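The next block holds one structure in the form of C-alpha cells; read it before the comments.
All values reported here derive from a predicted model rather than from experimental measurement. A, B, ... follow the sequence lines: proteins, then strands. Residue 1 opens every chain. Only heavy atoms go into these numbers, but all of them, side chains included; no hydrogens, no water, no symmetry mates.
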Number of protein chains: 2
Amino acid sequence: MEPASVIEALGALAQEHRLAVFRQLVQAGDRGMPAGAIATALDIPNSSLSFHLTQLRNAGLIEQERQHRSLIYRANYPAMNALLGYLTENCCAGSGCEAESACEITVIEGKSA
Amino acid sequence: MEPASVIEALGALAQEHRLAVFRQLVQAGDRGMPAGAIATALDIPNSSLSFHLTQLRNAGLIEQERQHRSLIYRANYPAMNALLGYLTENCCAGSGCEAESACEITVIEGKSA
DNA sequence: GCGTCATTTCTAGACTCATCGAAGTGAGGT
DNA sequence: ACCTCACTTCGATGAGTCTAGAAATGACGC
C-alpha cells in the first residue's frame, strides 16, 4: 500500500459521518446496505451521504453494487486490512517492537496488499 | 478510546507531512528527535513543522519533552495501539470475523486503552 | 411511454486546514 | 546583562472540505 493511498484512506475515515458509515457497513457484513438505509440509520441527508460514500469509495474502503433500484454498499475488508497492515508495519518495522514501550499488535495474514 | 479521539488521531495521520513525521518518530524510537532534526530530515520549514507537531500532539500521538535548548518529540506507542485497537475492534466486533472475507488482524494486548 | 422511487450530480455558501515569513519566547553561554 | 540558538506563535493568504437543497439520472412497474 502506497503512502498516498494510506493518507486517502485515513482521511476518509477521519470524519464523523464517514467513520459512522464505515462502521455501519462493517456491521452489516457481506450483505451490505443500500444508500437509503444508511441515510435513515444515521440521519444524514441523501446528498450529504452520497458525498461521503463517494469519498469512501475513492479511498477504496467501500464498494458499490447495483441491486434493482438500490445501490448496495459494502465494506471492503481487504482494504481495511491493508491499511491496518501499513500502520502496524510502520509501527513495528523500523524500531524495536519487542520492547514493552513499542506496539504489540501482530498481523496474522496479508501484511502487504 | 472515544470516537472523537479516533477521528482526531486519524485526521492527524491523514496528512503527508504528519504521517512522515510520525513515521520518523516511530523509527527514532524512545530516544525521540528534536524539532530541528525532524525539520532537516523531512525538509519542512520550521513554522510549518511546528504546526504539524502541535496537531499530532493534540491528537495524543506524540509527546514533547524539553531537553536543554531542544524540544524532543517522541511517538506515543500506547496511543497508536489504542487507535489500531479501536479500528480492529470495529472491524471484528460487529460482524463475523471468522469468515475469510472479514478482517484477520488480532490484537495481542491492550485492546482498550 | 409515463410516473415513481432511489440515488447521484450540481451548485453555492460557510467553514476549516495548510503554508510560511516575520516576530516573539525561553534556555544557555559568556 | 547581553547574545545566540531552538523553537513556537502570529497573521495573512490560498486551497480544500462539508453541507444540503434543487435538479438530473437510472431502474422499475404498469
With respect to A/I38, which candidate in A/N46, A/L49, A/I44 satisfies the side-chain contact (heavy atoms from CB on, under 4.5 Å) definition?
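Looking at A/N46, A/L49, A/I44, the match for A/I38 under the side-chain contact (heavy atoms from CB on, under 4.5 Å) is A/L49.
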In whole angstrom, give the distance that lies between atom CD of B/E65 and atom P of D/dC7.
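In whole Å, D/dC7 P lies 13 Å from B/E65 CD.
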What is the distance, rounded to the nearest whole Å, between atom CG of A/D43 and atom P of D/dT19?
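Taking CG of A/D43 and P of D/dT19, I get 12 Å after rounding.
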Side chains of B/L25 and B/L56: closer than 4.5 Å at any heavy-atom pair?
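Counting from C-beta outward, B/L25 and B/L56 never come under 4.5 Å.
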N/O donor-acceptor pair under 3.5 Å between B/Y77 side chain and B/V26 backbone:
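Side chain of B/Y77 to backbone of B/V26, a donor-acceptor pair under 3.5 Å: yes, one is there.
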For B/T54 and B/S50, indicate whether the former's side chain and the latter's backbone hold a donor-acceptor pair under 3.5 Å.
yes
Filter on side-chain hydrogen bond (donor to acceptor under 3.5 Å, both in side chains), then keep only pairs touching residues 12-22 of chain B, sequence neighbours left out; what's left?
B/R18-B/H52
Presence of A/Q64 side-chain N/O under 4.0 Å of C/dT8 phosphate oxygens OP1/OP2:
yes
Which residues pass the side-chain hydrogen bond (donor to acceptor under 3.5 Å, both in side chains) test with A/R57, not counting sequence neighbours?
A/Q64
Listed partners of B/E65 passing side-chain hydrogen bond (donor to acceptor under 3.5 Å, both in side chains), at least two apart
B/R74
Residues within [range] bordering DNA chain C, heavy-atom distance below 4.0 Å:
range: residues 2-21 of chain A; answer: none
range: residues 66-74 of chain A; answer: A/R69, A/S70, A/L71, A/Y73
range: residues 44-58 of chain B; answer: B/P45, B/S47, B/S48, B/F51, B/H52, B/Q55

Treat each ILVMFWY residue as a node, draw an edge where side-chain heavy atoms are under 4.5 Å apart, and state whether A/M1 and A/M80 are in one component.
yes
So if you build clusters from Ile, Leu, Val, Met, Phe, Trp, Tyr with side-chain heavy-atom gaps below 4.5 Å, do B/I7 and A/L84 land together?
yes
Roughly how far, to the nearest 0.5 Å, is CG of A/L13 from CG of A/L61?
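The CG atom of A/L61 sits 5.0 Å away from the CG atom of A/L13.
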